[in-house]
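Structure first, then comments.
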Amino acid sequence: MSTRKTMRVLAVAAALGVALAACSSQGGAQQEQGGGEAAGGNVGGERYTIAMVTHEQPGDTFWDRIRAGAEDAARAHNVELKYSNGAQAPEQATLVQNAIDSQVDGLAVTLAQLEQVGPAAKAAADRGIPVVAFNAGKDDYERFGAKMYFGSDETLAGQAAGERLAQDGAQKVICVVQEQGHVALEARCAGVQSSFPNTENLYVQGTDLPSVRSTIGAKLQEDPSITHIIALGAPFALTALESVGDAGSQAKVATFDLNVDAAKAIQEGRIMFAVDQQPYVQGYMAVASLWLNLTNGNDLGGGGPVLTGPSFVDSTNIEQIVGYAQNNTR
């Protein structure tokens, strides 16, 4: 492991240690006995307001884990969390501006649509609001004023997935993209293609699962040489399984990201694997890192992104992880 990567891992471990210590020490966030609600981040200190703005699309269960992590961190540190989301970039930019106008203490934002949302995040940073990016925007967060980044290396994740597909004997792969122009999704498919060149992107309308099902099914009927499908989110992998049945195809399905149903499908052998970026950790650390910055001037990552993935979930470890998925933390 490189020194830089080691430092990033240590930074995450240190931050989690601080968060846990804060929950039990007299100087940090504390739990009410028997109630489970945070009872004060700093005893006698200020309660901070943090806005989280994401590109969550309706029906995508991935974001349940992001939000669960963020809400747990907010409770642990007595933070008022203002969560909002917009499926379209202009809406996200407006939500960021609303957060600026409401004078929040910190901002956590996803940078899936850089050119629209990035300048809004930069405006927050220019106003002196600490900004962290997470989930999308790993290569660009610094130029938009974000102090830290928490997420996966999506190009590396795609390359690793492509290698796994090649090892399984893939002949042709379709990479199903549910949101065209989303930098992280495009990076995933580009990574798959770099390690398995006979990969074709298939763009679908991610907010309309019946349409996704019919589009994938039509592609499978049109091109029987397709042996593997890789989806970029758990709901789309589950939909792809239906498409395979509709088309009478033998194509195998793999995915990025998890939900309970996808975890069970891996357990049952219907989905090959999931590439996990640990969204619960992304949400938790986005909020906890801002709290640490506001209360103690901390910056995590040593000048680089803090990576939460990729890691594989497959038949070798699903028995442990399926329980965490049911708890909404994986």
Side-chain angles (χ1 to χ4, degrees), residues 7-8 10-12 14-19 21-23 27-29 38 40-42 45-55 66-67 69-86 92-114 116-151 279 281-308:
M7 291 301 292
R8 291 178 196 165
L10 290 174
V12 173
L16 288 171
V18 170
C23 290
N42 288 324
E46 183 175 356
R47 186 174 195 235
Y48 293 99
T49 299
I50 292 174
M52 176 173 279
V53 179
T54 77
H55 60 279
I66 292 277
R67 192 163 183 174
E71 290 174 347
D72 282 353
R75 279 191 291 269
H77 301 300
N78 192 33
V79 165
E80 181 184 354
L81 178 67
K82 293 185 174 180
Y83 181 95
S84 61
N85 62 284
Q92 294 165 46
T94 298
L95 292 170
V96 171
Q97 186 58 54
N98 291 345
I100 296 171
D101 294 342
S102 66
Q103 299 182 331
V104 297
D105 299 300
L107 170 68
V109 62
T110 59
L111 296 175
Q113 303 289 348
L114 290 171
Q116 294 90 347
V117 184
K122 183 66 163 57
D126 290 345
R127 288 277 294 271
I129 298 172
V131 176
V132 301
F134 68 102
N135 182 257
K138 179 184 74 70
D139 297 327
D140 299 277
Y141 71 97
E142 290 178 297
R143 70 184 175 101
F144 293 116
K147 293 176 176 289
M148 294 168 269
Y149 177 85
F150 301 93
V281 176
Q282 292 177 16
Y284 191 101
M285 291 308 301
V287 173
S289 67
L290 283 168
W291 182 81
L292 287 165
N293 185 264
L294 288 162
T295 61
N296 205 48
N298 295 115
D299 292 313
L300 306 180
V306 178
L307 299 183
T308 64

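Residue indices begin at 1 and follow the sequence shown. Just so it is clear, the model here is predicted, and its values are computed rather than measured.
Counted within 6.0 Å of CZ on Arg127, heavy atoms from surrounding residues, nucleotides or ligands total 12 or fewer; the atom is thus considered open.
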- Take Val117 and Val109 through the side-chain contact (heavy atoms from CB on, under 4.5 Å) test and state the conclusion after the steps. CA-CA 9 Å; Val117 184; Val109 62; 3.9 Å; yes
- Task: Go through the steps for Phe134 and Thr308 under the test side-chain contact (heavy atoms from CB on, under 4.5 Å), then give the verdict.
- Result: CA-CA 10 Å; Phe134 68 102; Thr308 64; over 6 Å; no
- Task: Could you give me the CA-CA distance, side-chain angles and deciding distance for Val131 and Tyr141, then say whether side-chain contact (heavy atoms from CB on, under 4.5 Å) is met?
- Result: CA-CA 9 Å; Val131 176; Tyr141 71 97; over 6 Å; no
- May I have the step-by-step check of side-chain contact (heavy atoms from CB on, under 4.5 Å) for Asn135 and Thr54, ending in yes or no? CA-CA 9 Å; Asn135 182 257; Thr54 77; over 6 Å; no
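Of the possible donor and acceptor atoms, one in the side chain of Gln92 sits under 3.5 Å from a partner among the backbone N and O of Gly86. A donor-acceptor pair is defined here as one N or O able to donate and one able to accept, closer than 3.5 Å; no such pair exists between the side chain of Tyr284 and the backbone of Ala74. The closest donor-acceptor contact from the side chain of Asn298 to the backbone of Asn293 lies at 3.5 Å or more, if one exists at all.
Looking at every heavy atom in both residues, Met52 comes nearest to Ala286 through CE-CB, 4.0 Å. Heavy atoms only, all atoms of each residue included: Ala133 and Ala146 are closest at N-CB, 3.9 Å. Closest approach of Val96 to Ala121, counting heavy atoms only: CG1-N, 4.0 Å. Considering all non-hydrogen atoms of both residues, Gly301 and Val306 come closest at CA-CG2, 3.6 Å. The two residues Asp105 and Leu294 come nearest to each other via the heavy atoms O-CD2, 3.5 Å. Heavy atoms only, all atoms of each residue included: His55 and Thr110 are closest at ND1-OG1, 2.8 Å.
The salt bridge (charged side-chain N to carboxylate O under 4.0 Å, His left out) check on Asp126 picks up Lys122, with sequence neighbours excluded. For Asp299, the salt bridge (charged side-chain N to carboxylate O under 4.0 Å, His left out) test picks out no residue, with sequence neighbours left out.
One finds the CG atom of Leu300 at 5.5 Å from the CE atom of Met148 (value rounded to the nearest 0.5 Å). Atom CD1 of Ile50 and atom CD of Glu80 lie 10.5 Å apart (nearest 0.5 Å). To the nearest 0.5 Å, the span separating OH on Tyr149 from CE on Met285 amounts to 14.0 Å. In this structure, OH in Tyr83 is found 7.5 Å from CD1 in Ile66, a value given to the nearest 0.5 Å. Here CG of Leu81 is found 10.5 Å from CG of Asp72. Values are rounded to the nearest 0.5 Å. Separation of atoms CD (Glu46) and CG (Asn78) is listed at 10.5 Å; rounding is to 0.5 Å.
The aromatic rings of His77 and Trp291 lie parallel to each other, with less than 30° between the two planes, well short of the 60° mark.
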